Amino acid sequence: VVTDIKGKVNVSETLTTPLIGQGQSKLLEQFGGKWDEFKFAPIRESQVSRAMTRRYYQDLDNFAESDVVIVGAGSCGLSTAYVLAKARPDLKIAILEASVSPGGGAWLGGQLFSAMVLRRPADAFLNELGVPFEEEPNNPNFVVVKHAALFTSTLLSRVLAFPNVKLFNATCVEDLITRRDGDSVRIAGVVVNWTLVTLHHDDHSCMDPNTINAPVIISTTGHDGPFGAFCAKRLVSMNTIEKLGGMRGLDMNAAEDAIVKNTREVTKGLIIGGMELSEIDGFNRMGPTFGAMVMSGVKAAEEALNVFDE
Ligand code: AHZ
């Protein structure tokens with residue numbers, strides 16, 4: 001940290017990476033060292049619009065045919081995306097998140113307290129991501145990340161850096177695309193809409209959706225709630241499965257192992273992981289421990305890789 005003669009911290013001197021312009025090592029050098037002279041490069045508003053919309057609509061076009069769609073960007077969906085995108089840079093992976101902000105329960109509602117607990121051996125995934133964690137004194141069975149947001153933000157940044165991944169946030173999956181496959185049904189894509197549109201189908205005239213085709217859909221929409229367990233519930237209403245098992249009361253030991261072991265292709269073309277699986281199979285909830293979400297994501301990615309290897 002650089003301080004001036006009055007002992008004040010001089011932030012612009014402290015920054016050594018180029019911030020404005022090529023090869024400019026100090027932020028204020030081009031303004032004669034004076035904040036009063038500071039000025040951004042000029043822009044026209046329409047240029048901002050075009051820079052954003054051109055990319056968005058190119059992505060919509062590009063990902064209309066995807067290889068994998070991950071529904072829900074919670075801890076399980078993002079872990080799935082990380083493993084899959086790293087293993088197969090050739091696969092086009094679309095992540096659809098109903099909320100404006102990705103992260104699911106790990107980011108928002110599920111974290112009443114800051115620290116995040118993960119039972120071993122999920123610490124291996126933290127090491128892979130480079131998320132620092134602490135050992136719990138006198139208990140070798142779990143590790144603690146000092147803030148859930150540190151886990152989610154690191155995971156998100158790693159996932160979004162993969163060139164083969166696109167996150168569409170504020171985008172809701174409101175139906176599944178299906179194909180007859182002999183006597184059964186195969187899932188062949190998703191029907192999507194902006195979440196605010198999905199929320200207003202009842203009080204506005206028809207607002208048609210958009211579609212994404214993909215041979216593999218991975219649903220990680222969490223347990224039942226306003227937006228939870230979406231694909232599981234849809235499988236019941238379209239008679240693909242008879243009824244939901246329904247999530248049971250909290251039992252960390254039973255729940256975490258069961259969720260990881262049973263993450264699978266529930267119907268051809270549809271893999272379900274994370275807490276959504278508890279609604280299908282009638283497993284317990286595990287509450288505020290996240291190892292199973294991470295490892296279920298790893299298993300969901302592996303299930304998807306098996307489909308592509310078939
Ligand atoms: O917004 C949802 C959340 O971010 C999103 N989602 C749900 N329905 C969707 C839809 N289209 C697009 N139709 C949708 N997105 O899915 C994400 C689910 O994240 P999550 O953190 O709720 O689920 P998870 O399975 O990754 O982690 C669950 C963690 C646990 S365990 C638990 C308990 O035992 O009580 N509670 C939580 C939150």
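Just so it is clear, the model here is predicted, and its values are computed rather than measured. The residues of the chain are indexed from 1 along the displayed sequence. For ligands, and for the atoms within them, numbers begin at 1 and follow the listed sequence.
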Asks: Is M286 in polar range of ligand 1, meaning some N or O pair under 3.5 Å apart?
Replies: yes

Asks: If you measure from the Lys or Arg side-chain nitrogens to the Asp or Glu carboxylate oxygens, is any gap between R179 and D181 under 4.0 Å?
Replies: no

Asks: Measure from atom 18 (C) of ligand 1 to every heavy atom in D175, T220, T152 and give the option owning the shortest one.
Replies: T220

Asks: Might you confirm whether atom CD of E242 has over 12 heavy atoms from other residues, nucleotides or ligands at distances under 6.0 Å?
Replies: no

Asks: Which is closest to atom 12 (C) of ligand 1 by heavy-atom distance: A73, S79, A98, G222?
Replies: A98

Asks: Considering distance alone, does some N or O of V173 sit under 3.5 Å from an N or O of ligand 1?
Replies: yes

Asks: With nothing but distance in play, are any N or O atoms of G228 less than 3.5 Å from an N or O of ligand 1?
Replies: no

Asks: Please work out, at 4.0 Å between heavy atoms, whether the side chain, the backbone, both, or neither of E174 comes within that distance of ligand 1.
Replies: neither

Asks: Is there a donor-acceptor pair under 3.5 Å between the side chain of E174 and the backbone N or O of V192?
Replies: no

Asks: With a 4.0 Å cut-off, would you call E303 and R264 a salt bridge?
Replies: no

Asks: Before signing off on this row, confirm whether M275 and ligand 1 have an N or O atom pair separated by under 3.5 Å.
Replies: yes

Asks: Out of all atoms in ligand 1, which are within 4.0 Å of some heavy atom of C76? Include the element for each.
Replies: 26 (O)

Asks: Ignoring hydrogens and geometry beyond distance, is a side-chain donor-acceptor pair present between S296 and T263 at under 3.5 Å?
Replies: yes

Asks: Salt-bridged, K92 to D67, with N to O below 4.0 Å?
Replies: no

Asks: Relative to ligand 1, is L96 under 4.0 angstrom through side chain, backbone, both or neither, heavy atoms considered?
Replies: backbone

Asks: Please list, in number order, the atoms of ligand 1 under 4.0 Å from a heavy atom of F227.
Replies: 6 (N), 7 (C), 8 (N), 9 (C)

Asks: Between the side chains of R120 and E135, is the shortest nitrogen-to-carboxylate-oxygen separation below 4.0 Å, so that they form an ion pair?
Replies: yes

Asks: Identify, by atom number and element, the atoms of ligand 1 in contact range of G274, meaning under 4.0 Å from any of its heavy atoms.
Replies: 25 (O)

